[in-house]
There are 2 protein chains.
Amino acid sequence: MNLSVSEENYIKSIYKLEEGQDSVTTNALAYELDTKPASVTDMAKKLKEKKLIAYEKYQGINLTPEGKKAALQIVRRHRLWECFLVEKLAFSWEEVHELAEELEHVRSEKLTNRLSEFLGNPAIDPHGDPIPDAQGKMGKPRTQTSLHKSQAKRLEVMAVSDKSAALLEFLTAKGIRLGTQLDVIERYAFDNSIEIKIRNQPAFTISEQVSKNIMVKAI
Amino acid sequence: MNLSVSEENYIKSIYKLEEGQDSVTTNALAYELDTKPASVTDMAKKLKEKKLIAYEKYQGINLTPEGKKAALQIVRRHRLWECFLVEKLAFSWEEVHELAEELEHVRSEKLTNRLSEFLGNPAIDPHGDPIPDAQGKMGKPRTQTSLHKSQAKRLEVMAVSDKSAALLEFLTAKGIRLGTQLDVIERYAFDNSIEIKIRNQPAFTISEQVSKNIMVKAI
DNA sequence: AATAATATTTAGGTAAATCTAAATAATAAT
DNA sequence: ATTATTATTTAGATTTACCTAAATATTATT
Ligand SMILES: [Mn+2]
Ligand SMILES: [Mn+2]
Ligand SMILES: [Mn+2]
Ligand SMILES: [Mn+2]
């Protein structure tokens with residue numbers, strides 16, 4: 001199956017939005033891809049024709065097994081390139097998503113597998129997300145719990161779900177990265193903000209929007 | 001100046017064909033890009049509009065200084081990725097051109113410069129071609145002499161001008177790579193074939209098509 | 001159940017990059 | 001200097017991936 005760059009971006013976004021939800025909505029996909037609902041409907045017809053998605057008018061979109069397989073290959077390439085950029089070229093985690101968005105479209109299994117090998121077959125990317133293997137097998141995310149929902153007092157940061165440079169820069173500035181351990185000092189019911197503390201540094205408060213996107217594990 | 005992938009491929013091909021010639025012909029460019037002359041005329045108008053080429057109906061095509069600058073950046077990315085693939089991912093020289101043809105279109109100066117640094121700022125690519133620096137400065141090819149034209153008896157292979165997998169595989173099979181030293185045993189006027197010998201190995205004969213594409217330096 | 005609000009699709013269009021076939025210009029051969 | 005050949009351009013289509021505006025479905029609210 002030969003996919004265009006645009007088709008690949010759709011497939012990848014559908015895969016992302018499908019998680020949790022039982023089907024992906026036209027508007028959600030348009031928003032995710034920064035395009036218009038009418039364009040999504042057009043592409044949905046095309047991807048259905050190619051048997052990569054199940055789609056009936058007004059019924060939402062789901063990947064077929066074939067579509068999911070394609071999605072996992074794209075995700076694999078995306079995350080491997082992110083690793084490369086961070087580990088070999090010393091990019092920071094907020095710079096790599098955008099570049100990987102382009103590099104992911106170079107379709108060569110040999111290149112992908114050689115790159116993976118070169119990086120030591122990494123299992124997670126710079127944002128804590130698992131990397132599918134050559135067969136498309138991917139471990140479950142190491143945790144599904146956000147700092148926002150977690151009840152624990154002492155936590156370790158396992159992943160970040162929003163990959164915008166804005167959030168990632170903010171976290172870096174606050175000293176929060178993968179593996180960072182922190183204590184929850186206080187939760188404020190009024191705005192769901194959380195006061196946290198890293199090691200011996202002074203405590204500080206983060207908003208709900210931030211804590212929702214930090215995935216944690218109790219320690 | 002924001003160029004599409006297609007525009008970049010045109011610019012790069014014009015740059016390549018311009019060398020030696022004083023201008024590039026519609027048909028030559030169509031052949032090089034594996035497209036039709038009518039398409040070239042269309043694109044010529046567009047690139048002229050963007051001031052990347054000088055073009056008048058029936059008069060052939062030349063890069064403007066701006067166009068040349070753009071071309072050198074693309075060539076730089078192409079050749080750096082080729083180095084990466086060969087030196088870090090253990091690809092052979094006949095596999096890398098096609099992959100670099102795609103990777104070259106990821107436009108990020110930061111990525112390009114970091115990649116160059118990671119590779120130790122290489123000066124030549126796996127085919128012996130010089131790599132432009134960040135400013136677009138490129139050393140002259142180390143030699144302009146083909147094995148076909150050279151009069152010398154003892155030579156060193158400096159570059160290969162045809163990047164087709166067919167030729168490169170052939171050369172590899174015959175034990176010819178960059179830096180290989182060889183002796184010319186005989187030149188046959190009938191078909192311009194040449195008998196050569198590498199070290200202690202038995203001599204063999206190569207055709208004119210092959211010897212034309214091997215760039216050499218007398219030693 | 002009727003109406004309002006929201007979501008989705010359709011109709012009809014645009015821009016980029018290609019194509020084929022036909023027309024025209026430039027060059028080579030008589 | 002004609003004529004033939006080759007090169008190039010134009011005219012008119014096609015495909016992909018978008019768009020806006022209008023129509024239609026679905027869902028939520030009275
Ligand atoms: Mn992408
Ligand atoms: Mn990532
Ligand atoms: Mn290319
Ligand atoms: Mn090369």
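So you know, we letter chains A, B, ... as the sequences are listed, proteins then strands, and number each from 1.
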Parallel, tilted or perpendicular: ring planes of B/W81 versus A/W81, cut at 30 and 60 degrees: perpendicular

Under 3.5 Å side-chain donor-acceptor pair for B/S193 and B/D191: yes

Spacing of B/K45 atom NZ relative to D/dT9 atom C1', expressed in whole Å: 7 Å

Touch class at under 4.0 angstrom, heavy-atom based, for A/T26 against every strand present: sugar-phosphate

Base versus backbone protein contacts along nucleotides 13-25 of chain D [heavy-atom cut-off under 4.0 Å; B, S, -]: ---SSBBB---BS

Short side-chain donor-acceptor distance under 3.5 Å, A/S4 and A/S6: no

Rounded (10°) bend between the five-pair end axes of the helix from C/dA1-D/dT30 to C/dT30-D/dA1: 10°

Whether B/T64 side chain and B/L52 backbone form a donor-acceptor pair below 3.5 Å: yes

Any pair counted as salt bridge (Lys or Arg N to Asp or Glu O under 4.0 Å), so long as it reaches residues 53-75 of chain A, sequence neighbours left out: A/K48-A/E56

Salt-bridge criterion met for A/K163 and A/D129 (N-O under 4.0 Å): yes

Residue pair A/S164 / A/D162, side-chain donor-acceptor N/O under 3.5 Å: yes

A/Y55 vs C/dT8: side-chain N/O to OP1/OP2 distance below 4.0 Å: no

Whole angstrom value for the distance that separates C1' of D/dA7 from CD of B/Q21: 16 Å

A/Y31 OH - C/dT6 P separation (whole Å): 17 Å

Closest-nucleotide 5' rank along DNA chain D - winner of B/T25 and A/K57: B/T25

Side-chain H-bond candidate by donor/acceptor type, B/H127 with B/H97, under 3.5 Å: no

Whole-Å distance separating the CG atom of A/N27 from the P atom of C/dA5: 18 Å

Plane angle bin for B/F84 and A/F84 - parallel if under 30°, tilted between 30 and 60°, otherwise perpendicular: tilted

Spacing of A/E56 atom CD relative to C/dT10 atom P, expressed in whole Å: 11 Å

